[in-house]
Amino acid sequence: MSTAEVATTRTDQSTWWRDAVVYQLYIRSFADGNGDGVGDIAGIRARLGHLRDLGVDAVWINPWYPSPMADAGYDVADYRAVEPAFGTAEEAAALVEEAHALGLRVILDIVPNHTSDQHAWFQEALASLPGSAERARYHFRPGRGADGAQPPNDWRSVFGGPAWTRVGDSEWYLHLFDSAQPDLNWADERVHAEFESILRFWFDRGVDGFRIDVAHGMVKSEGLPDLGVDDEAMLAPVDRADHPHWDRDGVHAIYCAWRRVADSYPEPRVFVAEAWVDSPERLARYLRPDELHTAFNFDFLRTSWEPATLRAVIDESLATVAEVGAPTTWVLSNHDVVRHVSRLGRPLTPDKYSLSELPPAETLDRELGTRRARAAALLMFALPGGAYVYQGDELGLWEVEDLPDDVLQDPTWKRSGHTDRGRDGCRVPLPWSGTAAPFGFSPDGASGAPWLPQPADFASVTVETQDGDPGSMLTLYRAALRIRREHPALGDGEFAWLPGPSDVLTFSRGAGFTCVVNLSDAPVPLPADAQLLLASADLTDTGELPPDAAAWLSAA
Ligand code: GLC
């Protein structure tokens, strides 16, 4: 059976999202079709075969809408069109059709917390008077102090600096992210109506779902009260019961309405929330039966390579979503965090995922990180629920930590006063083939260099180099995803820990499948009565699983 046939036959189509493997396409860096050095829809269409061969079920495409790119497309100027640098509406339609023909679902990224400052609504707001209906779609306020020269409250931008910017007539507007990303006022009914209409616009064009950006941010506490805490405390994931702008209970009514829109379509239309919240319990609230289908499980991403915490996170993740009947998801990397090869290869740092917080580059053992990344992939794909692959995970890409200052584009770099280098290091264009940049990312004769420079040692991890190499990360991912599709125990379903030493994670998926992850510092024997399906590292001469490795076994 071909991969495409498997893709459309494995699970009940109405619940495909419960255990889908979703590939995150960071469009600027996936593949450049027109040779300008920036990835685009033409590039994706030309490379869909890679995704089919990899064996994923769906793609999530980062924002592809017209944008001044103050935050790499998360500053949307028009939610119903395609950024010219990425392609046209016709190309977008063709991509959806071609992906569907290969059995791949398409998930877009919706950004409801803020628009671009170039969005028509914000431009109208700027052109209108304080107190006008146009301004009421955002959060405009007079400043504090005698001449209004102080921001209206003490909130801070996630990217650094105050969350307020003053406009000419002396009012200030709120932006929890960059000043080019004004926050929408979700207390205004027009905002609700607009976003429900945007959902329909893309659903009508065959799009299968949305990843919801900053899903925990839209509702602000009435009166916008001060936080009364220092910057660092504010930036931490929600750690207080009544945070004035993160994870407020009011967001749930929005998602109930969105779910009604999704459910009005005969074929499933699904949501995945990017919600950075304080606990699995808080996350599960987004996943109640009349709300969102799934949410990223960032607790798993944040956990360090340590058996007790991994075990605890897995248990808690599974238990809390089960209470609301939702599946969990697993994710190791995305476009906002240091690539996991580079996190796992550093001294243990629980809860740290940005370059500014992790131990310095000198502490990185990339070989160790790669070894652990291989084991982590087998762990993740063996767990019940859905899984996310960030483009390049399947190649074992690492964080590019030595990008020159003058190429950095993440607004974090500027807004932090050049102290936090930001997220560009995980966004470097993919290496496809060849021995020198652009490594097949752009076509031959391209007019532009890749928008971020690729390091010379990407030559060792191109798709071309790894294809057919039995020891490569790509071969491991392909094998794991093939087995995951074919083995009835994998995906959604039963899960139970099996007895064993505390620093070895051993679990079964129903009677027929066992996964062993060795987090100890010595080789461990594998269950005697089982057949080895796949291992992330060669077994020892005596058939034991070495440290920092995982194995999949089929019970006899
Ligand atoms: C989300 C996105 C991130 C973006 C931010 C603001 O966290 O993943 O890339 O900068 O929202 O939209």
Side-chain angles (χ1 to χ4, degrees), residues 22 24-30 39 60-77 79 83 107-119 122 138 155-161 163 165 174-184 186 195 198 210-218 220 234-238 245-247 251 271-277 283 286 295-298 301-302 329 331-339 353-356 388 390-392 399 408-416 420-428 451-452:
V22 183
Q24 181 188 350
L25 269 168
Y26 194 69
I27 185 167
R28 293 153 70 81
S29 303
F30 182 70
W60 147 37
I61 306 174
N62 288 96
W64 65 8
Y65 317 105
S67 165
M69 301 289 164
D71 182 22
Y74 283 95
D75 46 324
V76 179
Y79 291 83
E83 160 64 33
I107 295 173
L108 298 186
D109 206 323
I110 193 157
V111 187
N113 181 66
H114 43 263
T115 67
S116 159
D117 60 356
Q118 300 306 311
H119 189 280
F122 194 71
Y138 295 88
W155 297 3
R156 310 287 299 174
S157 154
V158 172
F159 296 151
T165 290
L174 175 70
H175 52 88
L176 291 179
F177 293 87
D178 192 67
S179 56
Q181 295 168 294
D183 277 51
L184 284 161
W186 278 84
F195 274 87
I198 295 164
F210 281 97
R211 176 254 189 198
I212 306 170
D213 188 61
V214 197
H216 57 305
M218 285 118 89
K220 276 78 181 176
M234 177 265 164
L235 292 181
V238 188
H245 62 69
W246 291 146
D247 192 28
V251 293
F271 296 110
V272 54
E274 184 217 21
W276 294 85
V277 298
L283 195 63
Y286 290 75
F296 292 105
N297 179 359
F298 293 126
L301 180 152
R302 290 191 280 222
T329 64
V331 57
L332 290 164
S333 279
N334 64 33
H335 66 292
D336 290 329
V337 302
V338 168
R339 281 190 178 273
Y353 44 84
S354 73
L355 219 43
S356 59
Y388 281 80
Y390 175 46
Q391 65 180 39
E399 186 81 4
L408 297 180
Q409 298 204 11
D410 183 351
T412 309
W413 173 234
K414 200 165 143 211
R415 288 195 64 88
S416 68
D420 184 339
R421 301 185 69 75
R423 302 160 293 177
D424 289 318
C426 65
R427 301 175 175 181
V428 174
W451 69 279
L452 285 173

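Counting convention: from 1, in listed order, for ligands and their atoms alike. Values below: every heavy atom of this structure, side chains too, minus hydrogens, waters and symmetry copies.
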How would you list, by chain and number, every residue that makes a side chain to side chain contact (heavy atoms under 4.5 Å, CB included) with Thr165, sequence neighbours excluded? Tyr173, His175, Ser179
Quick check against the 3.5 Å criterion: does Asp183 have a side-chain atom that pairs as donor or acceptor with the backbone of Leu176? yes
Not counting sequence neighbours, which residues clear side-chain hydrogen bond (donor to acceptor under 3.5 Å, both in side chains) with Asp71? List them please. Gln181, Arg423
When you look at Tyr286 and Phe271, which way does the ring pair (Phe, Tyr, Trp, His ring centres under 6.0 Å) test go after all the steps? CA-CA 10 Å; Tyr286 290 75; Phe271 296 110; over 10 Å; no
Residues Asn297 and Tyr388: side-chain donor-acceptor under 3.5 angstrom: no
Per the under 4.0 Å non-hydrogen criterion, ligand 1 touches Asp71, Tyr74, His114, Phe159, Phe177, Gln181, Arg211, Asp213, Val214, Glu274, His335, Asp336, Arg423, Arg427
Restricting to side chain to side chain contact (heavy atoms under 4.5 Å, CB included), what partner residues turn up for Glu274, sequence neighbours left out? Arg211, Asp213, Val214, Trp276, Phe296, Phe298, Asp336
